[in-house]
Amino acid sequence: MVVSAVLTACAGPYQYYEGTGVHDAQEAEVAGGWENVDGTRVVLRKDATARFEKLDGQDFDFEDGWRLSGTGTWKLTDDDGGQVVRLALTARTGVESRSYTTVTDTATLEPPSTYSWSFSVDRDQHGELKLFFFYGDPDVGNAYVMTREAGS
């Protein structure tokens, strides 16, 4: 018993995450502008192309502190645990750094020229869509949440 408790003590909230259970979102509902409180903006166009502004890295990449801007593609997929929006940055047009990030080894922090994200699709208490991914240490379970852009 003690051994299993020690082994599972390091299992963070999203290590066993099985999805939101949302299976009813439509591509037309997902298309449009999305934003994050940190100034991130993502536009998912109906033709499956996308524009990214200041989008942070997912999982541990978030801790590197870079924020990517550029263009790419998106696709709404449906897995057993729920729907996922898969974003691919194919042409990077800019790189920024979060000002509050502590950089310890700049030699290893070259931002990628292409990148992929997987945003889980969920609904809030009003039935409105929100997109999110987890970032940083899996034991903490931080969520990077994108909400519908005002007027979108």
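Sequence positions, counted from 1, serve as the residue numbers for this chain. These numbers were taken from a predicted model, which means no experiment stands behind them. Because only heavy atoms are used, hydrogens play no part in the values below, and waters and symmetry mates are left out as well, while side chains stay in.
The ring pair (Phe, Tyr, Trp, His ring centres under 6.0 Å) analysis of residues 69-94, with sequence neighbours excluded, yields no pairs.
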Residues Tyr144, Thr40; criterion side-chain contact (heavy atoms from CB on, under 4.5 Å); working and verdict: CA-CA 10 Å; Tyr144 191 94; Thr40 299; 2.6 Å; yes

Evaluation steps, side-chain contact (heavy atoms from CB on, under 4.5 Å), between Leu131 and Trp34: CA-CA 8 Å; Leu131 309 176; Trp34 296 88; 3.7 Å; yes

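In the hydrophobic cluster analysis, where Ile, Leu, Val, Met, Phe, Trp and Tyr join through side-chain heavy atoms closer than 4.5 angstrom, Tyr135 is grouped apart from Val84.
Leu89 approaches Thr71 most closely through the heavy-atom pair CD1-O, 3.5 Å. Annotation for Asp122 and Phe132: closest pair CB-CE2, 3.9 Å, computed over non-hydrogen atoms.
Side chain of Glu53 to backbone of Val42: no donor-acceptor contact under 3.5 angstrom is found. Judged purely by atom type and a 3.5 angstrom limit, Ser120 has no side-chain atom pairing as donor or acceptor with the backbone of Gly19.
For the salt bridge (Lys or Arg N to Asp or Glu O under 4.0 Å) test, residues two or more places apart in sequence or in another chain that qualify with Asp79 are Arg86.
In this structure, Phe52 has its ring center under 6.0 Å from that of Trp117.
For the pair Arg98 and Phe62, the cation-pi criterion (under 6.0 Å, within 45° of the ring axis) is fulfilled.
A salt bridge links Arg123 with Asp24; the closest basic N to acidic carboxylate O contact falls under 4.0 Å. Asp124 and Lys130 are not joined by a salt bridge, as no carboxylate oxygen comes within less than 4.0 angstrom of a charged side-chain nitrogen.
The environment of CG in Asp80 is sparse: at most 12 heavy-atom neighbours from other residues, nucleotides or ligands sit within 6.0 Å.
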